[in-house]
Amino acid sequence: PYQLAGSTRLRRLAANNLGCLLGDEMGLGKTIQIIALMLDFAAGTNKLVVAPSSLLLNWREEIKKFSPSLTTLIHSGPRRTGIASGLVHHDVVLTSYETLVNDFTFFDDVDWDLVVLDEAQQIRNPESRRAAAVKNLPRRISVAVTGTPVENSLGDLWSISEFILPELLGLRESFEDMYPDSDAAAYQLGKVVAPIVIRRLVADVAKDLPEKVEMAVPLELDLVDRARYSEIEASGKAFETNTARRVLCAHAEKTEVGSTFRFDDRPKVHRVLALVTEIYEQHEKVIIFASFRQSLHRL
């Protein structure tokens, strides 16, 4: 019921050319509500989802599962299109924040009917290149998706709102004067942004949730690790090869002097840390299982 209510409100706002902040807590189905919104758009409209690179495959799989009629394009990696026209022959284009910044000239040439930011807290710093890029996209409807709309200060919400509806909270300087980081200011700000915010808490709808949900989330290795994966696959016995591949996907063994490897940049680790952050913000608990002690030590 809460997913139906959320998607209905999203669609009503979009019918009036308005965007929204979908701020439901983790586990309440923000993605499927966005997919329902996408289905309201006529064929041939341009829809863009910007998300952390670790979530692009998951978006593609969720769209395929819940709305197989929508075609998708992941604009990422070395084989991505080099012209704007390569972005307009699909129902939904999926790209990362970093790729959007690098290829902004292509995205800027498309009139987007819908732009969705997943993990929208990524633009909480209004001076960042990614925030500037998404806010300068030509677009009709802007939707921000995040379970943690305020992480550091009320300014986070100003930056996200500037993407959704710039006129709502005005200039940054006047906003900071009017809404200092205090409980009273937060309460007043909440009333101002309420018309464009959908925010439900797990505690409010927990009775509707199943006891356990298992989700397989696909994650893509980078080019270097894909090459290493193929090397491992072509050598060694079956057991040793399988173990080496699992180690590579879990935490890798790039510890040579001068290596640029960062454990927290690995797709699987990046996704885990994002989940843990959101769980922490909700004051909940988490258990992480891993196949290798080295992974747990590094986490």
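Keep in mind that this is a model prediction, so the values were computed, not measured.
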Which pairs would a plain distance check flag for residues 28-45, meaning a side-chain donor or acceptor within less than 3.5 Å of a matching protein atom at least two apart in sequence or in another chain?
{"residue": "Lys30", "atom": "NZ", "partner": "Asp24", "partner atom": "O", "Å": "3.0"}
{"residue": "Gln33", "atom": "OE1", "partner": "Arg200", "partner atom": "NH2", "Å": "3.1"}
{"residue": "Gln33", "atom": "NE2", "partner": "Asp24", "partner atom": "OD2", "Å": "3.1"}
{"residue": "Gln33", "atom": "NE2", "partner": "Gly29", "partner atom": "O", "Å": "3.1"}
{"residue": "Asp40", "atom": "OD1", "partner": "Arg11", "partner atom": "NE", "Å": "3.3"}
{"residue": "Asp40", "atom": "OD1", "partner": "Arg11", "partner atom": "NH2", "Å": "3.2"}
{"residue": "Asp40", "atom": "OD2", "partner": "Arg11", "partner atom": "NE", "Å": "2.9"}
{"residue": "Thr45", "atom": "OG1", "partner": "Ala42", "partner atom": "O", "Å": "2.7"}
{"residue": "Thr45", "atom": "OG1", "partner": "Lys47", "partner atom": "NZ", "Å": "3.0"}

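A distance-only check finds no donor-acceptor pair linking the side chain of Gln122 to the backbone of Arg130 [under 3.5 Å]. Although no hydrogens or angles enter the test, the distance criterion places a donor-acceptor pair under 3.5 Å between the side chain of Thr71 and the main chain of Asp91. Counting only distance, with no hydrogens or angles, the side chain of Glu119 and the backbone of Pro52 share no donor-acceptor pair below 3.5 Å. A distance-only check finds no donor-acceptor pair linking the side chain of Trp112 to the backbone of Ile141 [under 3.5 Å]. At least one donor-acceptor pair closer than 3.5 Å links the side chain of Arg139 to the backbone N or O of Leu137. At least one donor-acceptor pair closer than 3.5 Å links the side chain of Thr277 to the backbone N or O of Leu273. Looking only at distances, a side-chain donor or acceptor of Arg199 sits under 3.5 Å from a matching main-chain atom of Gly147. With hydrogens and angles ignored, the 3.5 Å screen pairs a side-chain donor or acceptor of Asp113 with a backbone N or O of Asn46. Listed for the Lys135 side chain is no donor-acceptor partner under 3.5 Å among the backbone atoms of Pro166. Looking at Arg266, its side chain does come within 3.5 Å of a backbone N or O of Leu248 through a donor-acceptor pair.
Here the closest heavy-atom approach between residue Ile160 and residue Pro149 is recorded as CD1-O, 3.7 Å. Contact detail for Asn16 and Arg12: the closest heavy-atom pair is ND2-O, 3.0 Å. For the residue pair Ala244 and Ile232, the shortest heavy atom distance occurs at CB-CG2, 3.6 Å. In terms of heavy-atom proximity, Ser54 sits nearest to Pro267 at CB-O, 4.0 Å. Smallest separation of non-hydrogen atoms from Ser159 and Asn125: OG-C, 4.2 Å. Taking every heavy atom of both residues into account, Trp59 and Val49 meet most closely at CE2-CG1, 3.8 Å.
The environment of Asn17 atom CG is dense: over 12 non-hydrogen atoms of other residues, nucleotides or ligands sit within 6.0 angstrom. Heavy-atom contacts from other residues, nucleotides or ligands closer than 6.0 Å to CZ of Arg226 number more than 12. Counting non-hydrogen atoms of neighbouring residues, nucleotides and ligands closer than 6.0 angstrom, the NE2 atom of His270 reaches no more than 12 such neighbours. Around atom OH of Tyr280, no more than 12 heavy atoms belonging to other residues, nucleotides or ligands sit under 6.0 Å away.
In this structure, the separation between CD1 on Ile279 and CD1 on Ile288 is 7.5 Å, given to the nearest 0.5 Å. With values rounded to the nearest 0.5 angstrom, Leu169 atom CG is found 6.0 Å from Leu189 atom CG. Interatomic distance, Asp225 CG to Arg245 CZ, rounded to the nearest 0.5 Å: 14.0 Å. Rounding to the nearest 0.5 angstrom, the gap separating the CG atom in Leu21 from the CG atom in Leu10 is 10.0 Å. Between the CG atom of Leu275 and the CE atom of Met26 there is a distance of 6.0 Å, given to the nearest 0.5 Å. Atom CG of Leu73 sits about 10.5 Å away from atom CG of Leu56, to the nearest 0.5 Å.
Salt-bridge formation is not detected for the pair Glu61/Lys65: no Lys NZ or Arg NE/NH1/NH2 atom is positioned less than 4.0 Å from an Asp or Glu carboxylate oxygen. Glu231 and Arg228 are joined by a salt bridge, as a carboxylate oxygen and a charged side-chain nitrogen come within less than 4.0 angstrom of each other. Between Arg60 and Glu220 no salt bridge is recorded (no basic side-chain N to carboxylate O distance below 4.0 Å).
If you run side chain to side chain contact (heavy atoms under 4.5 Å, CB included) between Leu117 and each of Ile123, Val145, Leu22, only Ile123 comes through.
Looking at Val143 and Leu114, their side chains come closer than 4.5 Å, going by heavy atoms from C-beta outward. Counting only heavy atoms from C-beta outward, the side chains of Asn136 and Asp108 never approach each other to under 4.5 Å. Using a 4.5 Å heavy-atom cutoff, the side chains of Thr148 and Asp156 are not in contact. No side-chain heavy atom of Gln121 sits under 4.5 Å from any side-chain heavy atom of Glu281. By the 4.5 Å heavy-atom criterion applied to side chains, Phe292 and Arg246 are counted as neighbours. Residues Val92 and Ile63 are in side-chain contact: their nearest non-hydrogen atoms beyond the backbone lie under 4.5 Å apart. The closest side-chain heavy-atom distance from Leu55 to Arg271 is below 4.5 Å. Side-chain contact check for Tyr2 versus Asp204: every heavy-atom pair is 4.5 Å or farther apart.
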Please test Tyr179 against Val192 for side-chain contact (heavy atoms from CB on, under 4.5 Å), starting from the C-alpha separation and ending with a verdict. CA-CA 11 Å; Tyr179 299 104; Val192 172; 3.4 Å; yes

Side chain to side chain donor-acceptor pair (under 3.5 Å) between Thr99 and Arg80: does it pass, once the steps are laid out? CA-CA 10 Å; Thr99 302; Arg80 63 187 187 268; 5.1 Å; no

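When the side chains of ILVMFWY residues are joined at heavy-atom separations under 4.5 Å, either directly or via intervening members, Leu70 and Val50 end up in two distinct hydrophobic clusters. No continuous path of ILVMFWY side-chain contacts below 4.5 Å connects Val116 to Leu87, so the two sit in separate hydrophobic clusters. In this structure, Val110 is a member of the same hydrophobic cluster as Phe106, with clusters built from ILVMFWY side-chain heavy atoms closer than 4.5 Å. Note on Val193: it does not cluster hydrophobically with Ile198, by side-chain heavy-atom contacts below 4.5 Å among ILVMFWY residues. Leu165 and Val115 fall within a single hydrophobic cluster, where Ile, Leu, Val, Met, Phe, Trp and Tyr side chains are chained together by heavy-atom contacts under 4.5 Å.
His75 meets the ring pair (Phe, Tyr, Trp, His ring centres under 6.0 Å) test with Phe107; sequence neighbours excluded.
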